[in-house]
Structure formats: structure tokens, C-alpha cells
*Asks:* 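Please see the structure below; I have some questions.
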Amino acid sequence: MIAQQIKAAIRDIPDFPKPGIVFKDITPILKDPGLCESIIDAFVEQLQGTRIDAVAGIESRGFLFGLTLATKLGVPFVPVRKAGKLPFTIKQKAYKLEYGTATIELHTDAFEPGQHILLHDDLLATGGTVTAASELIKEMGGIVAGFSFVVGLGFLNGKERIMPICDKLIILADY
């Protein structure tokens, strides 16, 4: 049921951010507080029994539900930011996107070594960003506890790319 509600709320934006890409815009979901609450509840339910010491939300749309999810789970929220956005000591990771390259950063004191980190983003496409975030967390001594996404684009095979990292994967609405 939650998958159908999410799909009904999402709008497709053709040729964004470049020609040939159909962008799945989740912002209409944000106009429905009840749906937002249901999304968080669905994540919490599916995470029962999983050790999570922090939720890492990937910039920028991963912040939208990531912070609320962390709060609901009673754990800290860790922002995974684009290069140049964090003011303290950072560790970086460069990676390839389906339409370019990017660099992400974490504060070096974002979590303690050995902590279990749930990686959250709004959408799983090819898995490039979340793979880079996973590598960064591991390099900093963290353990990837799982992944959570509001939407997945199954035809881009992101699942196959990230499942070897951790098999705890939640996608609420898959296309």
C-alpha cells in the first residue's frame, strides 16, 4: 500500500538534469504530512531488530526523511555532504555518477569507529553515490548496517551494486 501511495504522489520530470533522464520528483510527497509519517513508520517497521547507531543521510534529498528517521529511531543524524559544504575537519570520497562525477564528505567526528550506520537517500539509481558513502564510512571505521530509500529505479541495477556491501536493503517503491 505504501508503494502505491508513493508512486501516486511522485511526478516525472523528463530531461532533467539532462536530456534522456526522467527525474523522479519526490517533492509532492512533502505536501502530505500523513504520507510522510507513513513513510517513516514503514522504514522503522522494516528496521526492527537491526542495530543502528546513526543514520547517514545523503545530500540533499536524503536529509528530508533521514533526519526524521534518525529522530524516530532515537539515534544521531549524520549528513553526507557535497564537497565544500562541511565546516569542520572532513574526509572525502570522489566517485562517478550516471551523468558526471562528484565528491562527498563526512566530518571526521561524525561517528565512532565500530558504530553501525544506516545509509539513507531518497532514491536508488545506479548506486554510485551510496557506494561511495559506504566506502567512506568503512574507511572511517564504521559498519554499514543497511540502506533505506523511498524510491528505487530497479532497471538501473543499483541493488545489485550495493547488496555485496550489506544485504539489509529497504526500498519502499520500486520502479
Side-chain angles (χ1 to χ4, degrees), residues 2-3 6 26 29-30 35-83 85-97 102-154 156-174:
I2 190 74
I6 291 168
I26 69 161
I29 292 171
L30 305 177
L35 179 54
C36 290
E37 186 174 10
S38 294
I39 287 169
I40 295 299
D41 289 345
F43 284 134
V44 169
E45 181 180 320
Q46 292 187 48
L47 290 165
Q48 293 287 326
T50 304
R51 177 180 169 188
I52 299 168
D53 299 313
V55 174
I58 298 174
E59 184 167 341
S60 65
R61 292 178 307 272
F63 296 176
L64 297 172
F65 291 101
L67 176 59
T68 305
L69 178 57
T71 301
K72 187 86 169 193
L73 293 171
V75 299
F77 177 76
V78 174
V80 179
R81 302 283 325 251
K82 295 174 184 169
K85 301 292 184 181
L86 291 173
F88 189 62
T89 308
I90 54 101
K91 185 154 177 67
Q92 291 185 326
K93 187 68 153 180
Y95 65 101
K96 292 181 182 178
L97 292 166
T103 301
I104 55 170
E105 301 176 338
L106 278 170
H107 276 144
T108 54
D109 66 350
F111 56 86
E112 297 296 321
Q115 287 192 308
H116 291 71
I117 312 299
L118 174 72
L119 274 158
H120 174 79
D121 205 353
D122 69 319
L123 183 135
L124 175 61
T126 63
T129 305
V130 74
T131 297
S134 297
E135 291 169 0
L136 190 53
I137 286 168
K138 289 179 183 180
E139 288 172 13
M140 294 173 60
I143 298 163
V144 176
F147 303 100
S148 61
F149 303 94
V150 178
V151 176
L153 303 179
L156 292 176
N157 301 316
K159 279 189 220 179
E160 289 75 16
R161 185 171 183 183
I162 66 172
M163 289 297 284
I165 298 167
C166 179
D167 64 1
K168 181 64 174 182
L169 171 62
I170 300 168
I171 298 173
L172 296 182
D174 212 355

*Asks:* How long is the span from the CD atom in Glu45 to the CD1 atom in Ile40, to the nearest 0.5 Å?
*Replies:*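 It is 13.0 Å, given to the nearest 0.5 Å.
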
*Asks:* Output the distance between atom CD1 (Ile117) and atom NZ (Lys138), rounded to the nearest 0.5 Å.
*Replies:*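 Nearest 0.5 Å value for the CD1-NZ distance: 13.0 Å.
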
*Asks:* Can you tell if the side chain of Leu69 reaches within under 4.5 Å of the side chain of Phe77, non-hydrogen atoms only?
*Replies:*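 Side chain of Leu69 against side chain of Phe77, heavy atoms only: no contact under 4.5 Å found.
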
*Asks:* Is Arg81 paired with Glu105 through a side-chain N to carboxylate O contact shorter than 4.0 Å?
*Replies:*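 Salt bridge absent between Glu105 and Arg81.
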
*Asks:* Once you round to the nearest 0.5 Å, how far does NZ of Lys159 lie from CG of Asp174?
*Replies:*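 Reported to 0.5 Å precision, the distance equals 4.0 Å.
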
*Asks:* Determine the minimum heavy-atom distance between Asp53 and Pro76, stating which atoms define it.
*Replies:*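 Between these two residues, the closest heavy atoms are O-CD, 3.1 Å.
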
*Asks:* Where is the tightest heavy-atom contact between Ile2 and Ser38, given as atom of each residue plus distance?
*Replies:*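 Scanning both residues, the minimum pair turns out to be CD1-CB, 3.6 Å.
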
*Asks:* State, to 0.1 Å, how close Val144 and Cys166 come at their nearest heavy-atom pair, and which atoms those are.
*Replies:*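 Heavy atoms of Val144 and Cys166 come nearest at O-SG, 3.6 Å.
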
*Asks:* When you compare the side chain of Ile104 with that of Gln92, does any pair of heavy atoms fall below 4.5 Å?
*Replies:*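 Not touching, per the 4.5 Å side-chain cut-off.
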
*Asks:* Set out, in order, the CA-CA distance, both residues' side-chain angles and the distance that settles side chain to side chain contact (heavy atoms under 4.5 Å, CB included) for Leu73 and Leu47, then state yes or no.
*Replies:* CA-CA 9 Å; Leu73 293 171; Leu47 290 165; 4.1 Å; yes

*Asks:* Report yes if the side chains of Pro79 and Phe63 come closer than 4.5 Å at any heavy-atom pair, otherwise no.
*Replies:*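 When only atoms from C-beta onward are counted, Phe63 and Pro79 do touch, with a gap below 4.5 Å.
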
*Asks:* Working note: Ile39 + Ile6, criterion side chain to side chain contact (heavy atoms under 4.5 Å, CB included); need CA distance, chi angles, decisive distance, verdict.
*Replies:* CA-CA 8 Å; Ile39 287 169; Ile6 291 168; 4.0 Å; yes

*Asks:* Among Val151, Leu153, Ile162, which one satisfies side chain to side chain contact (heavy atoms under 4.5 Å, CB included) with Leu124?
*Replies:*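 Looking at Val151, Leu153, Ile162, the match for Leu124 under the side chain to side chain contact (heavy atoms under 4.5 Å, CB included) is Ile162.
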
*Asks:* Evaluate the criterion side chain to side chain contact (heavy atoms under 4.5 Å, CB included) for residue pair Phe43 and Leu172; output intermediate values, then yes/no.
*Replies:* CA-CA 8 Å; Phe43 284 134; Leu172 296 182; 3.6 Å; yes

*Asks:* Please name the pair of heavy atoms, one in Phe65 and one in His120, separated by the smallest distance, quoted to 0.1 Å.
*Replies:*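 What the structure gives for the nearest pair is CB-NE2, 3.6 Å.
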
*Asks:* What are the two closest heavy atoms between Arg161 and Gly127, and how far apart are they?
*Replies:*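 So the two residues come closest at NH1-C, 4.0 Å.
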
*Asks:* Just wondering, are more than 12 heavy atoms of other shown residues or ligands nearer than 6.0 Å to CD in Glu160?
*Replies:*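 Atom CD in Glu160 is packed in, count exceeds 12.
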
*Asks:* Not counting sequence neighbours, which residues clear ring-ring contact (aromatic ring centres under 6.0 Å, His included) with His116? List them please.
*Replies:*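 His116 satisfies ring-ring contact (aromatic ring centres under 6.0 Å, His included) with no other residue.
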
*Asks:* Any side-chain heavy atom of Thr131 within less than 4.5 Å of one from Thr126?
*Replies:*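 They are not in side-chain contact.
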
*Asks:* I need the Ile52 CD1 to Lys168 NZ distance, nearest 0.5 Å.
*Replies:*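 Between atom CD1 of Ile52 and atom NZ of Lys168 there are 8.0 Å.
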
*Asks:* Could you give the distance from CD (Gln46) to OG1 (Thr50), rounded to the nearest 0.5 Å?
*Replies:*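 Atom-to-atom, Gln46:CD and Thr50:OG1 are 10.0 Å apart.
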
*Asks:* Which residue is it: Thr68, Val75, Leu67? I am looking for the one with a side chain to side chain contact (heavy atoms under 4.5 Å, CB included) to Thr71.
*Replies:*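 Among the candidates, only Leu67 passes.
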
*Asks:* Please determine whether side-chain hydrogen bond (donor to acceptor under 3.5 Å, both in side chains) holds for the pair Thr129 and Tyr95, giving the CA-CA distance in whole Å, both sets of side-chain angles, and the decisive distance to 0.1 Å.
*Replies:* CA-CA 7 Å; Thr129 305; Tyr95 65 101; 3.1 Å; yes

*Asks:* Can you tell me if Glu37 has over 12 outside heavy atoms packed within less than 6.0 Å of its CD?
*Replies:*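 No.
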
*Asks:* Kindly indicate, with the supporting measurements, whether the criterion side chain to side chain contact (heavy atoms under 4.5 Å, CB included) is fulfilled by Lys93 and Glu139.
*Replies:* CA-CA 10 Å; Lys93 187 68 153 180; Glu139 288 172 13; 2.6 Å; yes

*Asks:* Please report the shortest heavy-atom distance between Ala54 and Val78, naming the atom on each side.
*Replies:*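 Smallest heavy-atom distance, with atoms named: CB-CG2, 4.0 Å.
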
*Asks:* Nearest 0.5 angstrom please: Ile26 CD1 to Leu35 CG, how far?
*Replies:*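 With rounding to 0.5 Å, CD1 (Ile26) is 10.0 Å from CG (Leu35).
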
